[in-house]
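One structure is given below, encoded as structure tokens.
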Protein chains: 2
Amino acid sequence: MKIPLYKKLHSILREHIMTGLYKEGDLLPSENELCVTHNVTRPTVRQALNELVREGYINKHHGKGSIVAIPSKEAGILSLQGTSSAIGKELQTKIITKPYIAKWDDPFIFELSKDERESGCIKMERIRLINDVPVFYETTFLPNMNLSGFCQRNFENKSLFKILSKYYGIEIRGGRQRLRAITAQGTIAKYLQIKKNKPILHLERKMVTSKTNFSFYCSLYCNTNHYTLSGDF
Amino acid sequence: MKIPLYKKLHSILREHIMTGLYKEGDLLPSENELCVTHNVTRPTVRQALNELVREGYINKHHGKGSIVAIPSKEAGILSLQGTSSAIGKELQTKIITKPYIAKWDDPFIFELSKDERESGCIKMERIRLINDVPVFYETTFLPNMNLSGFCQRNFENKSLFKILSKYYGIEIRGGRQRLRAITAQGTIAKYLQIKKNKPILHLERKMVTSKTNFSFYCSLYCNTNHYTLSGDF
DNA sequence: CAAATTAACTTGTAATTACAAGTTGAAAAT
DNA sequence: ATTTTCAACTTGTAATTACAAGTTAATTTG
């Protein structure tokens, strides 16, 4: 396969930033230095750097250089946040049903392209717990396109985003989300271990990725009693 | 003033798209044509077009051309969307309490800077109705900084965003939002004309603007029975 | 010594050239 | 008439050159 030089350089530099070779606040090598070390010309280097700026990995300063930044990831995507207590330590992911190949629901929560409909659907149900208390009940839907070995993977306590990024080179580029407040009933109340008619949040989300025409979807029920859904934009 | 050629071209083309000279779906003149008509070279044209792509005004297709698109504005900000019926026509805004100067709640829903706390608060309560049915109950909090005549303005059926943009040159740049599902009680149930204990959505939002150190806030209760909160990211 | 200058960096803008690669429709072959 | 081929578009990638303009630190000047 033929990968453009600026894309190669871009992923090399991004890798160096992500692995910590270049740390936050560091000055990246100058454009001319990068030209020499990677044997390309300045327009090519600049194309790679512009991508990094766009993604938030660096900030450029006229006359000074490129400074490494931490990209504020998942902007706009709502994610969990503790209301008061510390969060992050005791987050668990429990698999209810492992990924399996199924038909798309009809009608589906979002409009599907012909390609997506024809390729079928990989479905998967998970619960997220904080301090052993269930907070999310999430159903994920992925089109069954070039995801070899996906169903065999172990998702227990692993991030779907990271797995898609690491093993399939798929990054989230954007998407659409819809929110409703509903009351917990039957299965959902059971999974979230709350009483019937308690208010919960229902979030339907479409994720558009870096892989052309590849989107995936999720339907998520959240008990917002102790934690909120929050996000930057 | 010295404005780069690619920026000039960029704003010319953006203007043409916004005024409708190039409509959605139209094919933009080719890069070489733009070179001739604007008397610049292709790298310059491409730089201008790349900006337009980044902003969502056009999509480029290898071998084909640049197709005009409508940028999905207010990305990340959740806004109202009808579930089925047509929306947009029958949206009303009703003022519950006109803007008035008050003290900030303590504690406030977001952390405030010293400047904000000292300047005091402009408070305002509104209800949004669709087809005469209340959907939002919204309290807005603005720091009382350089907003001369704000309390005297008429907000009935007017967009706060547009007023801030038009009369004060303030544009929304980003922000943070938090979501919870709760049950309607007392005042809120009354304003939204729903029964007690019905599930509603509570959204707390901080808006960061183009004016340095100027942010404003809102607390919003939404009946998501017939309409959802939705947004792109 | 302190201030001003300058030289040596940095990124920003821009023209020029060349070829690769996807798209489309007209011309040629079947 | 239908298919195939191809020429004429389009955008994508990349090297080269040149100068403008912001930043920094060493050097010169007062």
Side-chain angles (χ1 to χ4, degrees), chain A residues 1-14 16-17 22-69 71 113 115 169 171 173 210-214, chain B residues 1-14 16-17 22-69 71:
Chain A
M1 55 179 170
K2 190 89 194 67
I3 296 174
L5 296 179
Y6 78 92
K7 281 189 183 170
K8 282 190 205 170
L9 178 55
H10 166 257
S11 57
I12 289 171
L13 293 173
R14 192 183 53 183
H16 284 173
I17 291 170
Y22 301 128
K23 291 175 204 66
E24 191 187 350
D26 282 4
L27 211 55
L28 226 57
S30 79
E31 296 181 353
N32 282 318
E33 286 179 284
L34 290 171
C35 288
V36 176
T37 57
H38 294 88
N39 200 32
V40 290
T41 55
R42 200 147 84 91
T44 307
V45 168
R46 286 179 64 77
Q47 218 170 336
L49 293 183
N50 281 339
E51 274 294 297
L52 292 174
V53 170
R54 232 178 32 77
E55 295 167 342
Y57 286 105
I58 61 171
N59 294 311
K60 302 188 82 180
H61 297 278
H62 190 176
K64 207 172 173 189
S66 301
I67 290 170
V68 177
S113 71
D115 272 3
E171 305 283 348
R173 282 289 147 81
S210 53
K211 202 172 153 187
T212 42
N213 301 318
F214 186 90
Chain B
M1 54 178 171
K2 190 86 193 71
I3 296 174
L5 297 178
Y6 79 92
K7 279 188 184 168
K8 283 189 204 166
L9 178 56
H10 166 256
S11 58
I12 289 170
L13 293 174
R14 193 183 50 185
H16 284 174
I17 291 171
Y22 301 129
K23 290 174 206 67
E24 192 188 349
D26 281 5
L27 211 55
L28 227 57
S30 79
E31 296 181 353
N32 283 317
E33 285 179 285
L34 290 171
C35 290
V36 176
T37 56
H38 295 87
N39 200 32
V40 289
T41 55
R42 199 148 85 91
T44 307
V45 168
R46 286 179 64 77
Q47 218 171 335
L49 293 183
N50 281 340
E51 273 295 295
L52 292 174
V53 170
R54 233 178 29 78
E55 295 168 342
Y57 286 106
I58 61 171
N59 293 312
K60 302 188 81 178
H61 296 277
H62 191 175
K64 207 172 172 187
S66 301
I67 291 170
V68 177

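Within every chain, numbering begins at 1; the chains are lettered A, B, ... in the order of the sequence lines, protein sequences first and strands thereafter.
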So NZ of A:K60 and CG of A:L28: to nearest 0.5 Å the spacing works out to 9.5 Å

Taking only the side-chain nitrogens and oxygens of A:T44, find out if one of them lies under 4.0 Å from OP1 or OP2 of D:dT13. no

Rounded distance [0.5 Å steps], CG in A:L34 versus OG in A:S66: 8.0 Å

For a 4.5 angstrom cut-off between non-hydrogen side-chain atoms, does A:T37 reach A:P29? no

B:I3 CD1 to D:dA20 C1', straight-line distance once rounded to whole Å: 16 Å

Taking CG from A:L27 and P from D:dT24, how many angstroms apart are they, rounded to a whole number? 10 Å

What is the distance, rounded to the nearest whole Å, between atom CD1 of A:I67 and atom C1' of D:dT23? 12 Å

Would one find a side-chain N or O of A:Q47 under 4.0 angstrom from OP1 or OP2 of D:dA14? no

How many angstroms lie between atom NE2 of B:H38 and atom NZ of B:K8, to the nearest 0.5 angstrom? 11.5 Å

At under 4.0 Å between heavy atoms, what does B:T41 touch on the DNA or RNA strands: base, sugar-phosphate, or nothing? base

Please tell me if the side chains of A:V53 and A:N59 come closer than 4.5 Å, counting only heavy atoms from C-beta onward. no

Per-nt protein contacts along nucleotides 6-12 of chain D (heavy atom under 4.0 Å; B base, S backbone sugar-phosphate only, - none) come out as ----BBB

Check whether any side-chain heavy atom of B:N50 sits under 4.5 Å from a side-chain heavy atom of B:R54, and report yes or no. no

